[in-house]
Amino acid sequence: MRRRIARALIGPLVLAAAGAAIPLATAAPVAADSVVIGGFPGDVSQSPWTVALSSRARFGGTRAGQFCGGVAIGRTAVLTAAHCLSAEAVGAPRTPDLKVITGRTDLLSDQGKEVPVRGTWINPHYDPATNAGDFAVLTLAEPLPKRAVIPMAGAGDPAYSPGTSATVYGWGDTTGAASYSTSLHAASVHVLHDAECQKAYPGGGDGTYRPESMLCAGESGGGRDACQGDSGGPLVAQGRLIGLVSWGSGCGRAGSPGVYTRVSEVVRALARTGAKAPRPSSVES
């Protein structure tokens, strides 16, 4: 049976003389066309809010310690997936050298900056068994430029409409066979009907789709998708953030679209927390 998998790396990149061995969340077989999966090279100058999460102590320096993605929702606030900060992913709830890489297309270049993380807040209602509520906020030690911040789409935003064209960004696996890129990639996908997602993930080993907190996107025939290492990265439509890479069954499979944290639920949740979590509106000035 196929297994629901989160899309973060959960171990260090280990180099051997015969090549690279990269531990993944699962050894489930994957079928996909090409690059994120079925995508194209990206450039952070066109998506300056796309950032990489880095821990060299945990993941080594081969790809600057990148293990997940993130997105700037405020000048000192970065949104990512809650499972990216789990003990399984980073070895502890708070890894000491956690940084956000911003303004860098190629992880091995000296472009952009590596900004230390001052604090982390994980959604207290996150359910690791189902990946419902899969989001967290990182507070940066210094502010990003205003142009690096993307607005979040609230409930009722037309960007969530089925059929809407969207783009997902990340530095993760580009083939579904542990081919990790050092350079940013993007893939064009479409927002899918909740009914299609519920049919794909009705429960069991492949996971359960919950439309109140999740969104799915891809292509009915497969081929374009996020994959391992892309977790927490942005899904953007009509200039607004609508999703965070969360989980899926394999990568790019027909009938198994990618599942994202629905950002309208993030907006509601952050509003409910008040002062307990970083607020995007408080860091944009």
Side-chain angles (χ1 to χ4, degrees), residues 4 6-8 49-51 53 68-74 77-86 120-139 149-164 166-170 189-198 200-203 207-218 226 230-248 257-284:
R4 174 184 62 84
R7 290 178 162 175
W49 18 261
T50 305
V51 303
L53 272 57
C68 270
V71 55
I73 58 170
V78 164
L79 194 60
T80 190
H83 75 260
C84 286
L85 302 182
S86 68
T120 61
W121 180 88
I122 300 174
N123 176 22
H125 303 293
Y126 166 56
D127 182 355
T130 64
N131 271 358
D134 188 15
F135 66 91
V137 181
L138 307 177
T139 301
V149 176
I150 190 171
M152 296 189 288
D157 193 299
Y160 293 107
S161 301
T164 299
T167 306
V168 58
Y169 300 85
V189 294
H190 288 92
V191 176
L192 301 178
H193 287 271
D194 286 333
E196 186 172 351
C197 304
Q198 288 172 314
Y201 302 112
T208 304
Y209 178 77
R210 299 185 174 184
E212 66 278 4
S213 64
M214 300 174 185
L215 172 77
C216 75
D230 291 325
S231 284
L235 178 69
V236 175
Q238 299 177 359
R240 298 179 293 284
L241 180 68
I242 62 170
L244 299 175
V245 177
S246 183
W247 62 277
V259 183
Y260 299 77
T261 300
R262 186 179 289 265
V263 167
S264 58
E265 176 58 23
V266 176
V267 173
R268 282 193 293 264
L270 292 181
R272 287 196 300 266
T273 63
K276 297 178 183 178
R279 298 292 300 279
S281 60
S282 69
V283 293
E284 291 182 352

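Here the structure is a predicted model, which means the values were calculated and not measured.
Judged by distance alone, the side chain of Y201 and the main-chain N or O of R210 form no donor-acceptor pair under 3.5 Å. For Y260 (side chain) and I242 (main-chain N/O), no donor-acceptor pair under 3.5 Å exists by modelled atom type. Counting only distance, with no hydrogens or angles, the side chain of R262 and the backbone of P211 share a donor-acceptor pair below 3.5 Å. Side-chain N or O atoms of Y160 include one that pairs as donor or acceptor with a backbone N or O of A153 at under 3.5 Å.
Listed by chain and residue number, D157 satisfy the salt bridge (Lys or Arg N to Asp or Glu O under 4.0 Å) test with R240 (two or more places apart in sequence, or in another chain).
L244 and T80 make their closest contact through CD1-O, 3.6 Å (heavy atoms, listed as atom of the first residue, atom of the second, distance). A237 approaches T164 most closely through the heavy-atom pair CB-CG2, 3.9 Å. Taking each heavy atom of L270 and W121 in turn, the nearest pair found is CD2-CZ3, 3.8 Å. For C84 against G232, the heavy-atom pair with the smallest separation is SG-N, 4.4 Å. When all heavy atoms are compared, the tightest approach of A81 to V245 is CB-O, 4.0 Å. Contact between L53 and G69 at its shortest, heavy atoms only, is CD1-O, 3.5 Å.
Contact check for P158 versus Q238: side-chain heavy atoms found under the 4.5 Å cut-off. In this structure, I73 and V263 have side chains that are not in contact, with every pair of non-hydrogen atoms separated by 4.5 Å or more.
Sorted by first and then second residue, the salt bridge (charged side-chain N to carboxylate O under 4.0 Å, His left out) pairs involving residues 122-132 (not counting sequence neighbours) form an empty list.
Summarising the geometry, atom NE2 belonging to H83 is positioned 14.0 Å from atom CZ belonging to F135; distances are rounded to the nearest 0.5 Å. Between atom CG of residue L79 and atom CG of residue L138 there is a gap of 8.5 Å, rounded to the nearest 0.5 Å. Atom CG of L241 and atom OG of S264 lie 10.5 Å apart (nearest 0.5 Å). Interatomic distance, CZ of R268 versus OG of S213, reported as 9.5 Å (0.5 Å rounding). For the atom pair CG of L192 and SG of C197, the computed distance is 5.0 Å after rounding to the nearest 0.5 Å. The structure places CG of D134 at 7.0 Å from OG of S231, a figure rounded to the nearest 0.5 Å.
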Assess the residue pair Y126 and N131 against the criterion (side chain to side chain contact (heavy atoms under 4.5 Å, CB included)); give the C-alpha distance rounded to whole Å, side-chain angles, the decisive distance to 0.1 Å, and a yes or no. CA-CA 7 Å; Y126 166 56; N131 271 358; 3.1 Å; yes
Give the intermediate values and the outcome of side chain to side chain contact (heavy atoms under 4.5 Å, CB included) for residues D230 and V168. CA-CA 9 Å; D230 291 325; V168 58; 5.8 Å; no
